[in-house]
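The next block holds one structure in the form of structure tokens; read it before the comments.
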Number of protein chains: 2
Amino acid sequence: MTDSRQPSPPIPSNADVTRLALIRAALKLFGSKGFEATSTREIATAARANIGSIAYHFGGKEGLREACAHHVVETIRTVAGPAMRIAPEDLPPDEAETLLTTAIERMVSLVVASPEAGEFVPFMLREVMQPSSALDIVYEGVFEPVHTRFCQLWERATGEPAESERTRVTIFSLIGQVLYFRIGRVAVLRRMGWDAIDEGRARLIAEIATGNARAILKARRDKGR
Amino acid sequence: MTDSRQPSPPIPSNADVTRLALIRAALKLFGSKGFEATSTREIATAARANIGSIAYHFGGKEGLREACAHHVVETIRTVAGPAMRIAPEDLPPDEAETLLTTAIERMVSLVVASPEAGEFVPFMLREVMQPSSALDIVYEGVFEPVHTRFCQLWERATGEPAESERTRVTIFSLIGQVLYFRIGRVAVLRRMGWDAIDEGRARLIAEIATGNARAILKARRDKGR
DNA sequence: GTCTATAAACAGATAGAC
DNA sequence: GTCTATCTGTTTATAGAC
């Protein structure tokens with residue numbers, strides 16, 4: 001009935017709609033409450049589907065978790081892919097620095113954004129805190145490529161080898177300073193006396209995070225001489 | 001029977017031993033697996049106590065969580081208390097900077113240390129990720145005082161007001177860069193090709209974290225002129 | 001205080017009607 | 001594909017013996 005054979009943009013079938021609704025609801029609940037704390041009934045209700053549909057589409061709760069991981073990877077690949085593909089060779093140091101700070105700014109937006117895309121981050125953070133079958137998917141699909149990319153930009157900006165221990169650990173510290181604004185969100189809100197992180201506050205955070213990165217970059221360059 | 005009336009060092013009764021064993025086991029399990037994913041039976045077995053003892057001593061699972069929070073606060077207060085009480089007034093900038101970097105080094109040891117004290121950190125991070133009745137206890141007992149302390153040292157080192165938005169956000173970024181080595185531990189291990197974080201690796205992380213702090217400090221001081 | 005038995009609620013998985 | 005009824009196991013909390 002709804003089948004019109006278009007090759008390029010596939011028309012979402014009725015089943016696909018249910019499937020996606022389940023993934024979206026699960027992603028949100030897994031991220032905010034945790035996998036074990038979320039019941040399949042809760043997910044089905046939030047997705048306006050029935051409990052049986054989880055078993056039908058994903059084989060079970062664990063399968064749904066993995067489907068969520070794939071969905072996160074695919075979505076991030078779509079939005080961040082183009083920027084990731086710019087070859088780092090032949091980049092002058094100051095352009096590499098600009099790309100790096102821009103990447104940090106984007107990360108702050110993603111991490112701090114309340115709804116929509118921001119749901120991905122808690123899910124991934126929980127996966128990495130408590131490795132499961134879905135960790136490999138998000139690690140290889142997001143963590144590893146993003147970290148590697150940052151390391152390459154760092155090399156172009158400072159001259160330090162991208163894969164040296166020092167560079168890799170430094171990049172983790174740079175990423176960590178941003179991610180904490182999601183993990184410790186309630187502590188941040190309470191300590192700052194904020195009720196939410198609006199755009200202006202997100203800009204302040206981004207400004208400080210990129211400022212930090214530039215300061216560290218500068219210190220390393222000066223030392224390298 | 002075991003009651004010898006010594007006022008200062010109270011002899012631990014049989015009940016106190018069970019109580020502490022339960023808290024310790026729960027702290028470890030809540031931290032590593034999460035509150036909901038941990039069953040009371042599991043805790044009782046790990047503590048070599050019976051299930052009923054949790055209801056008896058803490059009223060239930062939720063009460064045990066709060067007892068864990070109090071235990072964490074008390075322990076941290078004992079070990080970090082003395083350093084926290086050094087008055088920040090009249091501190092010359094370079095001494096404030098030294099105190100700040102020393103505090104970061106200690107935080108790295110605590111965060112990266114696998115067993116013992118390191119069990120506190122995952123517990124607190126989970127609490128802050130998913131606020132519960134125990135969050136207030138750890139927030140007011142640890143998060144808030146530590147953050148405030150860092151802000152005061154920052155003021156002495158840079159001249160920026162301790163309670164300005166900029167300072168408070170900066171301190172969060174400084175703390176976040178360290179905490180991520182616990183949250184993203186498995187990602188760090190995998191990306192670094194490490195099987196564990198031994199003392200030498202912990203020193204590398206501490207060196208980079210303190211180096212970052214000094215670089216940011218320097219940039220801010222230069223800008224302030 | 002310790003320990004066991006049990007109650008009442010809830011979990012995820014499954015079979016089968018539609 | 002959707003939806004419901006049900007099975008089986010597990011959960012926390014509780015009552016009561018010792």
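Please read these numbers as outputs of a predicted model, since none were measured by experiment. A, B, ... follow the sequence lines: proteins, then strands. Residue 1 opens every chain.
- Taking each heavy atom of A/P122 and A/G31 in turn, the nearest pair found is CB-O, 3.5 Å.
- Here the range on DNA chain C touched by chain B, meaning any atom under 4.0 Å from one of its heavy atoms, is C/dG1 to C/dT4.
- One finds the CZ atom of A/F120 at 12.0 Å from the NZ atom of A/K28 (value rounded to the nearest 0.5 Å).
- Within residues 29-42 of chain B, the residues approached by DNA chain D to less than 4.0 Å at the level of any non-hydrogen atom are B/T38, B/S39, B/T40, B/R41, in residue-number order.
- Under the rule for a side-chain contact (heavy atoms from CB on, under 4.5 Å), the partners of B/L110 that lie at least two apart in sequence or sit in another chain are B/A117, B/V121.
- The side-chain hydrogen bond (donor to acceptor under 3.5 Å, both in side chains) test applied to B/Q130 returns A/R126, not counting sequence neighbours.
- At distances below 3.5 Å, at least one donor-acceptor pair connects side-chain atoms of B/T148 with backbone N or O atoms of B/E144.
- Side-chain contact check for A/V111 versus A/L179: some heavy-atom pair is nearer than 4.5 Å.
- Within residues 46-56 of chain B, the residues that place at least one heavy atom under 4.0 Å from DNA chain D are, in residue-number order, B/A55.
- Counting only residues at least two apart or in different chains, side chain to side chain donor-acceptor pair (under 3.5 Å) contacts with residues 166-182 of chain B comprise A/E207-B/R166, A/N212-B/S173, B/S164-B/T167, B/T170-B/R220, B/Q177-B/N212.
- A side-chain donor-acceptor contact under 3.5 Å links B/E62 and B/S133.
- Although no hydrogens or angles enter the test, the distance criterion places a donor-acceptor pair under 3.5 Å between the side chain of B/R149 and the main chain of B/A83.
- For A/H147 and B/R191, the side-chain atoms include at least one donor-acceptor pair closer than 3.5 Å.
- The distance from atom NZ of A/K61 to atom C1' of D/dT10 is 13 Å, rounded to the nearest whole Å.
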